[in-house]
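All remarks here apply to the structure that follows.
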Amino acid sequence: YDIKIEISDSKDTALILGYYYLDKTYAIDTAWNKKNTFTFKSKDKKLDSGIYFLSNLNGRFVEIMIQNEGKLRLKTKEENWNKFMQVKSGSQELKAYYEYMQNTEQIQERAKVLIEQKVEKEVYDKEMKALSLVNDSIKKAFIEKYPNYLLSKIFNATKPITIPEFEVPKKEDGTPDSIKWNSERWYYYKNHYFDNMDLSCAGLLRTPKMVFYETYNRYWDDVMKYERTDSITHYAHKVISMAKDSKGMKRFLIHNITERYLQSPYMGHDKIYVELIKAYYETGIADWVSPSDIEKNVERAHKWENILIGKQVPDLACMDSANVWHNLNSCNKEFKILIFWSPGCGHCSVEIPKYDKFYKEKKDIYSFDYLDEFMFEQLQNKNYQPSQRIIQYNNIKMLDASSKKEVWKNVTFLILFGELHITADGKTDKYFLSNIEDLELLPDNTLNISLKKEKLTFKGENGECFYFLLHLHKLLQFS
């Protein structure tokens with residue numbers, strides 16, 4: 001790039017060239033004042049499409065629309081950088097951008113006068129409404145004239161989704177079915193959320209956060225918050241496909257969504273991560289990722305795939321201290337808790353005794369059993385060696401399954417139900433077990449859980465039981 005800006009009577013010694021990216025701003029170059037002219041130049045770096053800015057050291061700035069420009073020549077006055085900006089050499093898109101900015105500058109000046117004059121509220125509201133209509137008409141005219149310009153895409157991206165008027169359906173008794181009506185509206189909203197945002201335009205990544213970043217994040221944090229994992233995976237593929245041939249946007253979407261569900265605190269979301277890794281990393285679509293990172297993620301996804309919620313656990317088995325074999329299928333309890341831990345783990349020495357206490361108090365009430373790798377009393381034995389497998393204690397069947405499952409750094413547990421299908425997995429929650437007061441599993445595969453402060457109900461689907469959404473130390477929500 002080669003950008004030169006002349007500012008008559010400039011009082012600044014230096015200007016900074018920077019850009020927006022998601023929710024942050026970054027500085028990339030500095031130019032010094034040489035006879036009121038500032039020159040930014042690089043033979044190696046190309047400026048990607050987006051909104052950039054020139055700022056002095058006190059925070060005063062003017063924005064520049066970059067769309068494949070290499071050489072720019074700008075001129076303005078110290079009095080008002082934006083109002084007097086002229087494009088001496090540059091694209092037609094940049095000239096149109098400043099034309100729009102200078103038109104709206106007049107509206108802003110008029111609004112400022114109204115505030116300073118302290119006019120009556122009725123007059124102020126009427127004038128501001130009129131100015132807003134003028135501003136909207138300028139935007140509309142710009143979009144119609146330059147539909148493919150980045151500024152037009154920014155204007156469209158900030159428009160809210162308009163939900164059409166759906167006819168209110170009727171119940172069998174003829175009364176309005178408001179639940180179904182709201183469901184139809186919600187389904188339309190989440191399916192058309194990005195209708196106004198051109199996700200094939202990578203320039204939207206380099207815009208102020210209220211343009212792309214906040215709208216994009218709201219989709220995953222709020223709109224997708226209560227969706228099932230299969231539904232989220234479907235919408236993830238749909239959003240990624242909207243990037244079309246835009247390498248920059250597709251790279252961002254694949255990385256962001258994959259990382260989002262790798263780090264998700266909600267149980268079950270590991271399935272989304274696994275599906276995305278298989279679809280984009282293992283197939284070579286994510287060709288910008290280093291071979292070592294691809295290998296690491298693919299290996300992790302293959303390990304996790306075998307322990308996803310709904311998967312059947314292998315009939316793991318091992319021998320106890322009396323040389324008697326024990327396996328998962330030999331546990332005829334309705335619920336089984338399978339725990340993976342290590343005597344050398346600091347978290348385990350705190351958490352495992354709580355499981356043992358819970359088991360002793362509740363095993364006859366709830367018809368459950370749990371299996372783990374080591375007997376917790378051995379943590380107190382200084383002479384204990386990990387090679388010593390003491391497998392059976394107080395009807396707690398101990399199991400060495402370290403070769404069957406990836407073990408996390410903290411205590412990891414699985415809740416098994418029916419034909420040894422995984423119904424919950426994750427890291428231990430210090431409040432959860434101690435808060436359970438009652439469990440009731442009904443014939444229709446509904447589970448009622450009574451905690452000390454609330455009662456929760458789960459309904460299984462397609463023969464699968466509930467699964468928990470847990471955070472490390474706080475019960476967040478259930479699905």
Side-chain angles (χ1 to χ4, degrees), residues 1 3 16-29 40 42 44-55 61-70 72 90-91 93-94 96-97 100-101 139 142-143 146-161 192-224 235-263 276 280-281 285-290 293:
Y1 61 86
I3 301 174
I16 297 170
L17 173 64
Y19 65 100
Y20 301 95
Y21 188 77
L22 302 179
D23 61 334
K24 296 179 174 59
T25 56
Y26 298 90
I28 55 176
D29 204 350
F40 302 90
S42 172
D44 305 321
K45 183 175 177 59
K46 179 183 177 182
L47 299 182
D48 294 315
S49 173
I51 296 182
Y52 292 71
F53 57 84
L54 301 175
S55 170
F61 69 97
V62 63
E63 293 177 338
I64 305 176
M65 182 76 68
I66 298 292
Q67 190 77 319
N68 301 317
E69 270 87 7
L72 292 178
S91 68
E93 183 166 353
L94 184 58
Y97 171 75
Y100 165 79
M101 296 297 289
K139 282 185 180 181
F142 188 94
I143 294 172
Y146 308 111
N148 295 320
Y149 283 5
L150 178 58
L151 185 58
S152 295
K153 297 179 187 293
I154 290 173
F155 290 153
N156 286 327
T158 55
K159 289 181 180 178
I161 297 298
H192 294 267
Y193 187 88
F194 291 107
D195 277 7
N196 294 333
M197 185 175 288
D198 184 0
L199 291 181
S200 67
C201 176
L204 292 176
L205 297 172
R206 282 166 287 278
T207 57
K209 63 181 180 180
M210 70 285 297
V211 175
F212 172 81
Y213 178 79
E214 291 180 352
T215 303
Y216 172 81
N217 264 0
R218 195 178 302 118
Y219 185 73
W220 303 110
D221 294 343
D222 297 336
V223 179
M224 290 289 111
Y235 285 107
H237 289 311
K238 179 180 178 180
V239 170
I240 291 171
S241 70
M242 294 172 72
K244 299 179 181 177
D245 296 327
S246 173
K247 292 183 179 180
M249 181 63 79
K250 182 171 288 187
R251 176 175 179 169
F252 165 77
L253 293 174
I254 291 175
H255 172 77
N256 178 268
I257 300 173
T258 302
E259 189 69 17
R260 181 182 294 269
Y261 289 104
L262 170 63
Q263 303 294 338
L276 294 178
Y280 302 106
Y281 282 60
I285 293 177
D287 55 5
W288 62 88
V289 183
S290 68
D293 281 344

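In this chain, numbering begins with 1 at the start of the sequence shown. The model shown is predicted, which means the values in this text are computed figures rather than measured ones.
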Hey, could you give me the [atom1]/[atom2] distance between [X] and [Y], rounded to the nearest 0.5 Å?
| X | Y | atom1 | atom2 | answer |
| --- | --- | --- | --- | --- |
| Thr215 | Met210 | OG1 | CE | 10.0 Å |
| Leu205 | Ile51 | CG | CD1 | 12.0 Å |
| Ser49 | Ile66 | OG | CD1 | 9.0 Å |
| Glu93 | Leu151 | CD | CG | 8.0 Å |
| Tyr97 | Glu63 | OH | CD | 4.5 Å |
| Met249 | Met242 | CE | CE | 10.0 Å |

Taking side chain to side chain donor-acceptor pair (under 3.5 Å) as the test, write out the residues that go with Glu259, two or more places apart. Gln263
Looking at Lys209 and Lys24, would you say the former's side chain and the latter's main chain have a donor-acceptor pair under 3.5 Å? no
Tell me if a side-chain donor or acceptor on Gln67 pairs with a main-chain N or O of Tyr149 at a distance below 3.5 Å. no
Please report the shortest heavy-atom distance between [X] and [Y], naming the atom on each side.
| X | Y | result |
| --- | --- | --- |
| Ser152 | Pro147 | CB-O, 3.8 Å |
| Thr207 | Gly203 | CG2-O, 3.4 Å |
| Tyr146 | Ala96 | CE1-CB, 3.8 Å |
| Cys201 | Leu150 | SG-CD1, 3.6 Å |
| Leu276 | Ala236 | CD2-CB, 4.1 Å |
| Ile154 | Met65 | CD1-CE, 4.3 Å |

Side chain to side chain contact (heavy atoms under 4.5 Å, CB included) involving Ile28 - partner list, sequence neighbours excluded: Leu17, Tyr19, Lys45, Leu47, Tyr52
Taking the side chain as every heavy atom from C-beta outward, state whether [X] and [Y] have any pair of such atoms under 4.5 Å apart.
| X | Y | result |
| --- | --- | --- |
| Phe212 | Tyr21 | no |
| Tyr281 | Ile254 | yes |
| Leu54 | Ile16 | no |

Under 6.0 Å from the NZ atom of Lys238, do we count more than 12 heavy atoms belonging to anything else shown?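 Enclosed: over 12 neighbouring heavy atoms sit under 6.0 Å from NZ of Lys238.
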So [X] and [Y], would you call those rings parallel, tilted or perpendicular, with 30° and 60° as cut-offs?
| X | Y | answer |
| --- | --- | --- |
| Phe194 | Tyr216 | tilted |
| Tyr193 | Tyr219 | tilted |
| Trp220 | Tyr261 | perpendicular |

With no hydrogens and no angle check, do the side chains of [X] and [Y] hold a donor and an acceptor under 3.5 Å apart?
| X | Y | value |
| --- | --- | --- |
| Asp198 | Ser200 | yes |
| Arg251 | Asn256 | no |
| Tyr1 | Asp29 | yes |
| Asn156 | Lys159 | yes |

Test log, rule ring pair (Phe, Tyr, Trp, His ring centres under 6.0 Å), inputs His255 and Tyr280: CA-CA 10 Å; His255 172 77; Tyr280 302 106; over 10 Å; no
Note: Arg260-Asp221 ion pair, threshold 4.0 Å (strictly below):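 Salt bridge present between Arg260 and Asp221.
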Does Phe53 have its ring centroid less than 6.0 Å away from the ring centroid of Tyr20?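 Yes, the ring of Phe53 comes within the 6.0 Å limit of the ring of Tyr20, centre to centre.
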